Protein chains: 2
Amino acid sequence: MWTIGEVAQKFNLSISALRYYDKEGLLSDVKRENGIRKFDDKDIETIFMIECLKKAGMQIKDIKQFLDWVKEGNTTLDKRLKMFENQKVKVEKQIQDMQKVLDLIKYKCWYYETAVKDGSDEKVKNMKEEDMPAEILKLYKNSHS
Amino acid sequence: MWTIGEVAQKFNLSISALRYYDKEGLLSDVKRENGIRKFDDKDIETIFMIECLKKAGMQIKDIKQFLDWVKEGNTTLDKRLKMFENQKVKVEKQIQDMQKVLDLIKYKCWYYETAVKDGSDEKVKNMKEEDMPAEILKLYKNSHS
DNA sequence: ATAACACCTAAACATAAGTTTAGGTCAAGC
DNA sequence: GCTTGACCTAAACTTATGTTTAGGTGTTAT
């Protein structure tokens with residue numbers, strides 16, 4: 001059993017964020033001792049799930065919806081499955097998008113490394129595609145595809 | 001040369017978002033005809049860059065900072081390089097994080113597929129690690145690592 | 001010529017996800 | 001016995017990123 005401060009540290013979250021999740025009903029029935037929250041393993045797993053779904057881009061109110069389905073029991077299994085299937089597609093697309101973003105950033109790193117060496121970006125800005133290193137051209141093309 | 005409506009469609013952005021970027025100074029000196037904005041190739045490339053850096057997780061004010069450096073000229077080449085190097089590290093970490101998120105989601109897809117088949121998640125919830133399919137266990141472990 | 005569109009501005013409004021503030025309890029250490 | 005530190009609540013506040021509203025202009029189709 002952990003206090004709110006310990007859990008905050010564990011997850012690198014603020015105490016106020018944890019209280020906010022609790023207030024919003026994401027953490028159902030956190031135990032109390034003299035009014036002080038005591039988080040158990042189940043709460044920790046819930047917070048882990050919340051953090052994961054947040055990273056997936058889900059909003060708090062949709063995460064709450066999911067957690068409410070969990071509480072509702074077996075009648076909502078299909079809804080939960082459908083939610084994860086949707087999220088899977090979305091996250092796969094996000095990773096693909098991020099890969100393109102990364103390629104543009106890598107291209108720009110090369111661009112500015114070259115420009116810094118030259119003291120100006122005149123030359124690299126006007127460089128023809130056939131004069132670029134092959135792997136750099138590939139990054140650029142992929143990022144714009 | 002494109003009107004604001006055409007550009008909005010091109011990038012799947014709202015017209016008001018484009019006006020907001022202009023107002024915030026991200027698009028320097030967009031041409032006007034009778035007060036109506038006419039976006040040229042340079043503006044399009046800027047908007048492409050804005051969209052990319054937004055996806056990378058940068059805030060509008062930091063994107064503006066970068067665009068201001070571009071306007072300032074060659075004295076800021078090193079700052080721009082440093083910015084992209086930092087972003088590269090961040091985006092690489094984001095992709096790694098998203099991969100873990102995806103693994104947890106894939107695990108949960110398996111979990112709920114199994115639960116839906118059984119009509120209950122009792123069995124899958126209590127399943128021992130050695131009874132899980134190897135690739136599912138791998139997903140689970142990676143997502144929690 | 002009048003209606004329908006696409007555009008314009010300034011300013012108010014919206015929303016999510018917390019954070020901050022103001023006031024309070026309780027246990028531990030000096 | 002007093003201070004410090006970790007916890008508590010309710011309610012106000014913050015911030016980013018736009019969106020909406022209200023009022024207006026100019027062109028095109030009927």
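Source: prediction; values computed, not measured. FYI, side chains are in, hydrogens and waters are out, and symmetry mates aren't considered; it's all heavy atoms of this structure. Below, read A as the first sequence line, B as the second, and so on, with proteins coming before strands; counting in each chain starts at 1.
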Rounded interatomic separation in angstrom, taking [atom1] from [X] and [atom2] from [N]:
X: B:E51; N: D:dG18; atom1: CD; atom2: C1'; answer: 12 Å
X: A:I63; N: C:dG18; atom1: CD1; atom2: P; answer: 9 Å
X: A:E33; N: D:dC7; atom1: CD; atom2: C1'; answer: 13 Å
X: A:R32; N: C:dC26; atom1: CZ; atom2: P; answer: 14 Å
X: A:L26; N: C:dA16; atom1: CG; atom2: C1'; answer: 13 Å
X: B:Y20; N: C:dC13; atom1: OH; atom2: P; answer: 18 Å
X: B:K64; N: D:dG18; atom1: NZ; atom2: P; answer: 16 Å
X: B:R19; N: C:dA11; atom1: CZ; atom2: P; answer: 16 Å

Indicate whether OP1 or OP2 belonging to [N] is found under 4.0 Å from a side-chain N or O atom of [X].
X: A:R37; N: D:dC8; answer: yes
X: A:T3; N: D:dA6; answer: no
X: B:Y21; N: D:dT17; answer: no
X: B:S16; N: D:dG18; answer: no

For residues B:E122 and B:N126, report the shortest heavy-atom separation together with the two atoms involved. O-ND2, 2.9 Å
Does the plane of the ring in A:Y112 sit parallel, tilted or perpendicular to the ring in B:F66? Use 30° and 60° as the thresholds. perpendicular
Evaluate the ring planes of B:F11 and B:F48, with Trp represented by its six-membered ring, and classify them as parallel (under 30°), tilted (30 to 60°) or perpendicular (over 60°). tilted
So which nucleotide from [options] ends up closest to the side chain of [X]?
X: A:Q59; options: C:dA17, D:dC7, C:dC7; answer: C:dA17
X: B:I36; options: C:dT19, D:dC8, C:dC7; answer: C:dC7
X: A:I60; options: C:dG18, D:dG18, D:dC8; answer: C:dG18

A:Y111 ring center within less than 6.0 Å of A:Y140 ring center: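 No, the ring of A:Y140 stays outside the 6.0 Å limit from the ring of A:Y111, centre to centre.
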Testing B:T46, B:L27, B:T3 one by one against B:F39 for a side-chain contact (heavy atoms from CB on, under 4.5 Å), which residue passes?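 Output: one option passes, namely B:L27.
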Would you mind telling me which residue lines up with the more 5' stretch of DNA chain C, B:I15 or B:K23, judged by nearest nucleotide?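 By nearest-heavy-atom nucleotide position, the 5'-most residue is B:I15.
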Mind checking if A:K38 touches a base, just sugar-phosphate, or nothing, with heavy atoms under 4.0 Å?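 Counting heavy atoms under 4.0 Å across all strands, no contact is made by A:K38.
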